[in-house]
J.: 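Here it is, the structure in full.
Position 1 is the first residue of the sequence, and the numbers go up from there. The structure displayed is predicted, hence computed values, not measured ones.
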Amino acid sequence: VMSLFRWFYSFYSSIGLRNIAMDSNSLAMPMSDPNAWATAMNNLGMAPMSMTGQPIMSDFDPSLGMMTGIAPMNPMMPGLGIVPPPVSQDMPIVKEIIHCKSCTLFPPNPNLPPPATRERPPGCKTVFVGGLPENATEQLIVEVFEQCGSIIAIRKSKKNFCHIRFAEEHTVDKALFLSGYRIRLGSSTDKKDTGRLHVDFAQARDDLYEWECRQRMLAREERHRRRIEEDRLRPPSPPPIVHFSEHECSQLGEKLKDDSKFAEAVRVLLTWVERGEVNRRNANNIYSMIQSSNSHIRRLMNEKAAHEKEMEEAKEKFKNALAGILVQFEQIVSVFHAASKQKAWDHFSKAQRKNLDMWRKQAEEIRNIHNEELMGIRREEEMEMSDDDMEDAPEIKDSDDSGPLAQVEALKEENDSLRCQLDAYRNEVELLKQEQGKAQPQRSEEDATRQQQLSFLQQALQGMQKQLLKLREDLKQRETELEKNSEEKQQLESQIQSLKDRIQAFPTSHALPVSYRRLSVWGIISTFLHVHPFGASIEYICSYLQRLDTKISTTEVETLLGRLPCTFKQELTGVGASLEKRWKFCGFEGIKTA
């Protein structure tokens, strides 16, 4: 695999995509065996090629490699050296011995688990390399890892580890490939000249800073792109409205008379009126332009009627065409059913029967879909007709009972519309039954679909009947409530009339000269006795009144109370020696009895 990377480097160096100063000796690293190079290329699904670009194996078959099932990679594919292709984790990668100028790398045991790595930091370009030999130098580290990519900096420690920062992020993945390799300097077997490499991701502030800068740049580009897209999708601004003048007013009047320029002209007129351009001097001109705008209403109504007529014609044409198509589908389905009878069915082969059965099912499904669509159009037409009938119904103009009567009338209209829909559903059910009786006995699937349609229609009929019964019950309840309300209304009117008669008769029978002082005394006594529901003696009442008026006497109060027998009454309370006369307020008792 390292030889493969070396070949990528030589290829990109030859076309000028990389410019790294390397010794000619480092480009001529010897390989232990050309078969190892061919094996590595074969495992990656690529035709083995030498350093000169010539194929090593003329009869190479990509399907025989270890990467079977993955499309073979083209070594000349642009961008192959920039982003390494993903390698399946299930496919084992055979690691070979790598010979460098001053050291040798031995692969780890393939049976061991892969070396553990930490989570990759964002924008990682730095790797940690541990397990270096004690005698390893910076030149040796450059010799081993510069094959993965361009190195920017190396920070070597005295404790047999170092940090390497590459120029590109993808080179870190190539460096991680060397994790687990045993390194030996030259042919020495000394412990200080050997070691086991451990390569892992390293977190560096420079990498994080560059990654954040790159993310900010991408965010700026995304914001710029969104702003451009919003500007592109933003609706254009409306054209400016000209200012009012005599010349513009005369031109606008001519435009309002032109049908093609009416929409633009009426918008200008609306703006002028909203701006307050109307005054006594130009009021006649503005009025004439408004009158011209009003004259277009008839034209617009005619255009609307014409479009509605075209739409109705198109609907009728579509319905007729759909009915014709449905008839043809019925004929095709009947042909399939005739072919499925025993007279003709026995003469077909097994494959032909299978095709006929499949075609019959498809034709039945399409026929059922078109039938449902046609029935839906008919239902919509019936609902539109019922809505028109409801709109044309006369309104009730009874001012006294407008609320309950209007509700009753609305329930009656809804009842009639539901009855019409119920009749329509019954007609459809009868038609389906007639068609089923006339048609020949068909197969079980068609019978099932017909039965399903009949069950749906029966359920709809049952629902409509239940709704109709509920509406009838509501109608009866409303009628009874209306009768009760009318009776209560009559009773209230009679009571009001009786009260009016009593009020009119009262001043004739009790026409007495009443002064302001007496009225005030009556009002105070009424308030006082109303607070004392069990009554009060004449002395108690006088003591209360004498606080307000010292000149009032007991006899005067008693005469005033006796002059209003409907308002004040005297009762005897107590037993024996405790017998006492008390006055009570009875003004509200007459109203309660009335």
Side-chain angles (χ1 to χ4, degrees), residues 220-319 376-377 379-414 416-417:
R220 286 195 299 270
E221 292 178 355
E222 180 66 19
R223 287 196 299 271
H224 180 67
R225 186 188 64 78
R226 289 181 180 177
R227 193 179 299 112
I228 292 174
E229 188 69 17
E230 289 175 359
D231 293 340
R232 187 178 66 83
L233 297 177
R234 186 180 293 114
S237 301
I241 304 298
V242 295
H243 292 283
F244 179 81
S245 64
E246 296 294 337
H247 178 67
E248 295 293 340
C249 183
S250 60
Q251 286 188 350
L252 186 64
E254 297 296 331
K255 290 181 180 178
L256 286 171
K257 297 177 183 179
D258 191 358
D259 295 344
S260 60
K261 300 178 181 179
F262 174 73
E264 180 182 357
V266 76
R267 184 169 55 84
V268 176
L269 177 61
L270 173 63
T271 306
W272 284 355
V273 175
E274 289 178 349
R275 285 179 182 175
E277 301 287 351
V278 184
N279 50 37
R280 289 186 178 181
R281 188 175 58 182
N282 58 8
N284 294 329
N285 295 332
I286 298 294
Y287 176 77
S288 62
M289 287 189 290
I290 295 174
Q291 188 177 5
S292 301
S293 302
N294 187 39
S295 63
H296 285 271
I297 293 177
R298 183 177 296 177
R299 175 182 63 84
L300 295 175
M301 293 299 294
N302 293 334
E303 290 181 0
K304 179 187 175 184
H307 289 306
E308 288 179 351
K309 185 177 179 182
E310 290 178 0
M311 185 176 67
E312 294 296 332
E313 292 177 355
K315 283 184 178 179
E316 189 67 25
K317 187 176 179 181
F318 173 72
K319 187 174 69 173
I377 293 172
R379 289 194 199 99
E380 290 178 358
E381 290 180 352
E382 291 174 358
M383 292 179 69
E384 289 178 359
M385 291 175 64
S386 63
D387 292 339
D388 294 339
D389 295 339
M390 291 176 66
E391 290 176 359
D392 295 338
E395 297 180 355
I396 299 174
K397 297 183 179 180
D398 190 1
S399 59
D400 297 334
D401 304 330
S402 61
L405 288 177
Q407 294 178 358
V408 171
E409 191 65 26
L411 288 173
K412 287 182 180 179
E413 292 175 359
E414 190 173 359
D416 295 337
S417 65

J.: Is there a salt bridge (charged side-chain N to carboxylate O under 4.0 Å, His left out) between Glu222 and Arg225? Walk through the geometry before answering.
T.: CA-CA 5 Å; Glu222 180 66 19; Arg225 186 188 64 78; 2.4 Å; yes
J.: Scan the side chains in residues 310-318 for donor-acceptor partners under 3.5 Å anywhere in the protein, sequence neighbours excluded, and list what turns up.
T.:
none

J.: Roughly how far apart are His296 NE2 and Glu303 CD, rounded to 0.5 Å?
T.: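 Rounded to the nearest 0.5 Å, the NE2-CD separation comes to 10.5 Å.
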J.: About how many Å separate CH2 of Trp272 and CG of Asn285, when rounded to the nearest 0.5 Å?
T.: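 Answer for the CG-CH2 pair, Asn285 versus Trp272, is 10.0 Å.
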J.: List the residues meeting side-chain hydrogen bond (donor to acceptor under 3.5 Å, both in side chains) with Asn302, not counting sequence neighbours, and say none if there are none.
T.: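 None.
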J.: Can you confirm whether Asp258 sits close enough to Lys255 that some side-chain heavy atom of one is under 4.5 Å from a side-chain heavy atom of the other?
T.: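 Not in contact.
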J.: Given Phe244, which of Ile286, Leu252, Thr271, Val278 fulfils the side-chain contact (heavy atoms from CB on, under 4.5 Å) condition?
T.: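 It is Ile286, the one option of Ile286, Leu252, Thr271, Val278 that forms the side-chain contact (heavy atoms from CB on, under 4.5 Å) with Phe244.
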J.: Regarding Glu230 and Arg226, does a basic nitrogen lie under 4.0 Å from an acidic carboxylate oxygen?
T.: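 Salt bridge flag = no for Arg226 with Glu230.
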J.: Would you mind checking if Asp231 and Arg234 are paired as a salt bridge, meaning a charged N to carboxylate O distance below 4.0 Å?
T.: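 Yes, charged N to carboxylate O under 4.0 Å.
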J.: Report the residues that fulfil side-chain hydrogen bond (donor to acceptor under 3.5 Å, both in side chains) with His247, sequence neighbours left out, ordered by chain and then residue number.
T.: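 For His247, the residues satisfying side-chain hydrogen bond (donor to acceptor under 3.5 Å, both in side chains) (neighbours in sequence not counted) are Gln251.
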J.: Quickly, which of Glu277, Glu248, Arg275 forms a side-chain contact (heavy atoms from CB on, under 4.5 Å) with His243? Name it, please.
T.: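 Exactly one candidate clears the test, Arg275.
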J.: Pair Leu269, Ser293 - check side-chain contact (heavy atoms from CB on, under 4.5 Å), show working.
T.: CA-CA 9 Å; Leu269 177 61; Ser293 302; 3.6 Å; yes
